[in-house]
Amino acid sequence: MDWNLHSAEDLITALRAGDVTSVELTDQAIARIERDDKAINAICVPDFDRARAAAHAADQARARGEEHPLLGVPVTVKESYNVAGLTTTWGMPEHRDHVPAEDAVQVSRLRSAGAVVLGKTNVPLGLQDIQSFNAIYGTTNNPWDHTRTSGGSSGGSAAALAAGFGALSIGSDLAGSLRTPAHFCGVYAHKPSLGLAASRGMVPPDAPVLPVDLDLAVVGPMARTARDLTLLLDVMAGPDPLTHGVAYDVTLPPARHERLGDFRVLVLEEHPFIPTGAAVRAGVNRVADALTGAGARVERHSPLLPDLAEAATLYTQLLFSGSVARFPVEAYEQLRSRAAALSTDDRSLDATRLRGMLFSHRDWMEANGRRELHRHGWRQLFAEFDVVVCPITPTPAFPHDHNPDPLGRRLDIDSVEYPYFDQLVWAGAATMPGLPATAVPAGRSPEGLPVGVQLIGPMFEDRTPLRLAELLEQEIGGFRAPE
């Protein structure tokens, strides 16, 4: 029997019943990677010998009566996580020989849970793109259409899951880096609440491995089913044992509801900065129709919704002020010259990006204060609603675009071009205030490409959008293997 496209939950059941061994699962996964990954290029750093040894150890542990949440399940890890003995480059050629001596916290948690790490998945240069390609490992293709991107920056992980290379993967999300690849490849992902899962060891190769609290960025799970997301989040959640973990553990509240018809949902499909393409709009409406049909309360407008235009501006400022913090002085001065040439009336996102790159600490503090007002607004909204359903990006997966100047790229939305990075505004809706968001499949485009939507939930109530994702999977279907 071919187990490669089964859920982690199914594999765990089969392993416990003795229907399959971890060695057999691991050998099947490796064989599939060796057969199919030449065309997809998702697994950039294989670790097959150690994976087989870990699988053998998992089978021995089970024979001794041991039980762990992921015992014997083959998984992959985003290249940006430190894995002892494997290169961690973030796609940067100058770090192609960087080999950490210690696992990242989340890799340690995977191993403690009994998972078998098959290897690492591809990323964009410095994790700073909506595609996954770099000069070291090349380009990761979308399993549905090899001429299109798998997304970024967790694009290798999403492609691996869609292709059947392991049952689970761990990635990270700053600008939709979990959600966009899931949407493009037809799988599931969850961006946890900011600070819920420790990130130590998911760090650039030239940075010290310290237990820092990141702004905007999170680490999170990817899977082929919604229930598997919850299974993996339970392994990942919790503070760093070197800092907050000294004092407390995490206990997430249960989902607000168990039945689809009990949910109160706000559905959004329009953004003031960028249109939503027809294929994505259809996916949003498919989810809305399923909710309405099940008896859920579905609204299309609410005066409680924080202003999306201001939210996008704040997100852009916070995101790009951080993205250039380590730039050389010369590059910073070039940005200053470009910003000085802007018209004072230019309030486009392109101009906001450029000005954000030049933020002073005083500027950042002002933006952060306005972010807190938005967080309060979301708290008020979630007193009336349980989840917000909205796009992840305006389009399905787009063709590869390796223009070396990302600011010069354009996104085609129903035959009209828009600035490439403007598509990040929907990802920022959840990222800027630090809210949890679950990416779920919501159908196919007319060209047969996957389309997903995100379910945004209340802060630290991650189980609420995750539960709605499970119910929607039952109602409208979920992952389907590429044809």
Which distance, rounded to the nearest 0.5 Å, do you find between the [atom1] of [X] and the [atom2] of [Y]?
X    : Y    : atom1 : atom2 : value
L319 : T431 : CG    : OG1   : 8.5 Å
D240 : Q106 : CG    : CD    : 9.5 Å
L435 : F460 : CG    : CZ    : 10.0 Å
L70  : L232 : CG    : CG    : 6.5 Å
F263 : L468 : CZ    : CG    : 5.0 Å
T438 : L233 : OG1   : CG    : 9.0 Å

For a quick test of your reading: what N or O donor-acceptor pairs under 3.5 Å do the side chains of residues 377-385 make, sequence neighbours left out?
none

Check whether any side-chain heavy atom of [X] lies under 4.5 Å from a side-chain heavy atom of [Y], and answer yes or no.
X    : Y    : result
H68  : S112 : no
V219 : I170 : no
C185 : P143 : yes
R467 : E258 : yes
T393 : W426 : no
L11  : V20  : no
M236 : P192 : no
R200 : T243 : no

Checklist entry - Residues two or more places apart in sequence or in another chain: which of them pass salt bridge (Lys or Arg N to Asp or Glu O under 4.0 Å) with D234? => result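 For D234, the residues satisfying salt bridge (Lys or Arg N to Asp or Glu O under 4.0 Å) (neighbours in sequence not counted) are R463.
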Checklist entry - Among all residues two or more places apart in sequence or in another chain, which pass the salt bridge (Lys or Arg N to Asp or Glu O under 4.0 Å) test with R256? => result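 Result, salt bridge (Lys or Arg N to Asp or Glu O under 4.0 Å) vs R256: D386, E461.
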[X] and [Y]: side-chain donor and acceptor closer than 3.5 Å?
X    : Y    : answer
E447 : S445 : yes
H400 : T139 : no
Q317 : T352 : no
H183 : Q454 : no

Residues forming a side-chain contact (heavy atoms from CB on, under 4.5 Å) with [X], sequence neighbours excluded:
X    : answer
P450 : W144, R444
H244 : D213, P239, Y248
D103 : V83, A84, V107, S108, R111
S132 : P124, T140, S150

Between [X] (side chain only) and [Y] (backbone N and O only), is there a donor and an acceptor less than 3.5 Å apart?
X    : Y    : answer
D37  : N41  : yes
Q28  : W3   : yes
S154 : S177 : yes
D47  : K120 : no
K78  : G171 : no
R32  : F165 : no
E79  : W90  : yes
R224 : S7   : no
R375 : P433 : yes
R410 : E417 : no

Of the non-hydrogen atoms in [X] and [Y], which two are nearest, and what is the gap between them?
X    : Y    : value
V451 : P396 : CG2-CG, 4.0 Å
I456 : A429 : CD1-CB, 4.3 Å
A223 : L161 : N-CD1, 3.5 Å
A163 : L5   : C-CD2, 4.3 Å
V218 : S193 : CG1-O, 4.2 Å
L118 : P74  : CD1-CB, 3.8 Å

Under 3.5 Å, side-chain donor or acceptor atoms of residues 471-483 against the rest of the protein: list the pairs with distances, not counting sequence neighbours.
unit_1: E473; atom_1: OE1; unit_2: A226; atom_2: N; d: 3.2
unit_1: R480; atom_1: NH2; unit_2: E483; atom_2: OE2; d: 3.0

Next on the checklist: Test of understanding: with side chain to side chain donor-acceptor pair (under 3.5 Å), list the residues that count as partners of R281, not counting sequence neighbours.
Outcome noted: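 With neighbours one apart ignored, the set is E269, E270.
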By the salt bridge (Lys or Arg N to Asp or Glu O under 4.0 Å) test, which pairs, at least two apart or in different chains, include something from [range]?
range            : value
residues 422-436 : R353-D422
residues 151-165 : none
residues 122-132 : D129-R409

Item to check | I130/T149 under side chain to side chain contact (heavy atoms under 4.5 Å, CB included): CA gap, chis, key distance, verdict | outcome: CA-CA 8 Å; I130 309 164; T149 182; over 6 Å; no
Checklist entry - Checking side chain to side chain contact (heavy atoms under 4.5 Å, CB included) for the pair F398/Y420: CA distance, chi angles, key distance, verdict? => result CA-CA 11 Å; F398 51 84; Y420 181 73; 3.7 Å; yes
Next on the checklist: Please evaluate residues I43 and T76 with respect to the criterion side chain to side chain contact (heavy atoms under 4.5 Å, CB included), reporting the C-alpha separation (whole Å), side-chain torsions for both, the decisive distance (0.1 Å), and the verdict.
Outcome noted: CA-CA 8 Å; I43 309 299; T76 60; 3.8 Å; yes
Checklist entry - Within a radius of less than 6.0 Å around NE2 of H402, do more than 12 heavy atoms belonging to other residues, nucleotides or ligands occur? => result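 Atom NE2 in H402 is packed in, count exceeds 12.
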Checklist entry - Should L196 and L252 be marked as a side chain to side chain contact (heavy atoms under 4.5 Å, CB included) after you check the CA-CA gap, both sets of side-chain angles, and the distance that decides it? => result CA-CA 9 Å; L196 178 62; L252 290 173; 3.8 Å; yes
Item to check | D215/R371 ion pair, N-O < 4.0 Å | outcome: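 Salt bridge: yes.
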